[in-house]
Protein chains: 2
Amino acid sequence: MKNFYQKQHTFCQAVDCVIFGFDNGAIKLLLIHRKLEPYKGKWSVIGGFLQKKETLDNAAIRIVHDLTGLNNVFLEQLHTFSDPNRDPGGRVLSTTYFALLKINEYDKEKTKSKNADWFELNKLPSLIFDHTDMLKCALKHIQQKNRYQPIGFELLPEKFTITQLQKLYESLYGKTFDSANFRKKILSYGLLNRLDEKDKNHSKRGAFYYCSDKKKQIKQTSANLFFHM
Amino acid sequence: MKNFYQKQHTFCQAVDCVIFGFDNGAIKLLLIHRKLEPYKGKWSVIGGFLQKKETLDNAAIRIVHDLTGLNNVFLEQLHTFSDPNRDPGGRVLSTTYFALLKINEYDKEKTKSKNADWFELNKLPSLIFDHTDMLKCALKHIQQKNRYQPIGFELLPEKFTITQLQKLYESLYGKTFDSANFRKKILSYGLLNRLDEKDKNHSKRGAFYYCSDKKKQIKQTSANLFFHM
DNA sequence: ACAAAAGTGTTGTCCATACACCCATGG
DNA sequence: CCATGGGTGTATGGACAACACTTTTGT
């Protein structure tokens, strides 16, 4: 490839993925023990370096796949961190992604072998570099985004009950919701399909399973936004 | 500085700023004629390369200042574009920022000398590389963000009338609003201070000037969001 | 039978919309 | 004196929070 920009300084480019899961009523994050210096052995968000002919998106997909074995994970770019001193090991820019995965589907062998483990949001270990900022950034973004485009489903199994979804929302926003109103509101969006099957694990009566219907898109108007358009 | 990452491939890092202004009832973008190959002479978003010891934020500030002479511009990072073929001149990652500036304050000499000019949103020239994507990304982001955190003021002069603000919103969302309701809604947020002065340019009666009170922050709850928290 | 979760119905309040109406003033 | 944009008041409907209520079924 030609290069018109020979004189420009170049930078290492990392991709860090904040991986969210939902398990047992709590939002969790997947973190790993670093295998590389510096800060070898400390906890960090999962990351890697951008390869020569790769897009950032593809790098994020590769990194998540290498750790979890999953391919169809909800991934979105968040922010690029660039403080010259953010990584004591060298000048590295890092583009952060967040990932939402169904915690019942990932490859436990793989994550185990890479020394990765899940942490609840309020029980996080201390992290290297600016990874705490990345995490705050990711959490805040998900909270915001979920208000106008429900992405919570990505954290639940294919089939889930309304109560499960409510627990997820409650964990995400750190507050409880009235279950009658939650149910009505969520269903009013018309994004869920009720299945015939019931979940009998949590109640005697049983709760219907639902699945998200990806063909259906929420209408902008039905989410109350700053201005009603 | 030490470098633990000698073996990693490195990349040129650009910063591109989508600069918005508001003039004569229309949102406008500041674009420049490229002085460098490739695509010398074509229109593009204003950009530059990240320097060795610079953060992306500082690079964006520098780039906007160099073009407009302004220092206190509202700037926010948007997205990092990374397609290996996005720039035919070499492998360059580009982090996009959007900037909102008060169009009555910028340095016209400077922009003139750099062959920059303002374009209305619906009269844009064709742009190089992925700059059209950057622009779409910026516009969409501002529309979204403005719903829950009003940033429109940043595009208006220090003193402005409610009607001016409404025209800005109408231009931003491409639709008209009922002026009675617009006025009530905007004022209900309590973010504006009414001045004693009136603008007599647009009506005989005159319209009060307002200024945004930066000490006052909108309460999350007062913006109707996806879930009321 | 009853506990406990699932799910429905009802009501008051708030708020966005629509629109009628008054105000001020330059020509 | 009236046209024009600035600004206020009010009626209506829809959405949501609160909460009372019914359904189902395993023990």
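Chain identifiers are assigned alphabetically (A, B, ...) following the order of the sequence lines, protein sequences preceding nucleic acid strands; residue numbering begins at 1 within each chain. Note that the structure is predicted; figures quoted are calculated from it, not measured. Hydrogens, waters and symmetry mates play no part in the numbers below; they use all other heavy atoms, side chains included.
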Given atom [atom1] of [X] and atom [atom2] of [N], what is their separation to the nearest angstrom?
X: Y209(B); N: dG6(D); atom1: OH; atom2: C1'; answer: 14 Å
X: K198(A); N: dA4(C); atom1: NZ; atom2: C1'; answer: 14 Å
X: L187(A); N: dA6(C); atom1: CG; atom2: P; answer: 14 Å
X: F177(B); N: dC19(C); atom1: CZ; atom2: C1'; answer: 18 Å
X: I162(B); N: dG6(D); atom1: CD1; atom2: C1'; answer: 11 Å
X: K184(B); N: dG6(D); atom1: NZ; atom2: P; answer: 16 Å
X: N181(A); N: dT10(C); atom1: CG; atom2: P; answer: 15 Å
X: Q166(B); N: dT17(C); atom1: CD; atom2: C1'; answer: 14 Å

Whether [X] contacts [N] is assessed here as follows: a side-chain N or O lying under 4.0 Å from the phosphate OP1 or OP2. Is that the case?
X: K185(A); N: dC16(D); answer: yes
X: T163(A); N: dA6(C); answer: yes
X: K200(A); N: dG26(D); answer: yes

Checking the side chain of E170(B) only, and the main-chain atoms of F177(B) only, is there a donor and an acceptor separated by less than 3.5 Å?
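Confirmed, E170(B) side chain pairs with F177(B) backbone.
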Donor-acceptor pair, side chain of H131(A) and main chain of S44(A), under 3.5 angstrom
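Checked: no pair found.
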Ignoring the backbone of [X], work out which of [options] is nearest its side chain.
X: K204(B); options: dG5(D), dA6(C), dG26(C); answer: dG26(C)
X: A180(B); options: dA20(C), dT17(C), dC19(D); answer: dA20(C)
X: R183(B); options: dA3(D), dT8(D), dT17(C); answer: dT8(D)

Taking it one step at a time, do V73(B) and Y106(B) satisfy side chain to side chain contact (heavy atoms under 4.5 Å, CB included)?
CA-CA 10 Å; V73(B) 167; Y106(B) 76 99; over 6 Å; no
Neighbours of DNA chain C within residues 151-161 of chain B, by heavy-atom distance under 4.0 Å:
none
Out of V64(B), D66(B), N58(B), which one pairs with R62(B) under the side chain to side chain contact (heavy atoms under 4.5 Å, CB included) rule?
D66(B)
Hey, are T55(A) and S82(B) close enough side-chain-wise for a donor-acceptor pair under 3.5 Å?
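Note: S82(B) and T55(A) side chains miss the donor-acceptor criterion.
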Distance alone, cut at 3.5 Å: any donor-acceptor contact between the side chains of T161(A) and D199(A)?
no
Could you say whether D178(A) or R205(A) is positioned toward the 5' end of DNA chain C, judged by the nucleotide with the nearest heavy atom to each?
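Going by which nucleotide is closer to the 5' end, it is R205(A).
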Who pairs with F74(B) by side chain to side chain contact (heavy atoms under 4.5 Å, CB included), at least two apart in sequence or on another chain?
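Applying side chain to side chain contact (heavy atoms under 4.5 Å, CB included) to F74(B) gives E76(B), F98(B), L100(B), K145(B), I151(B), E154(B).
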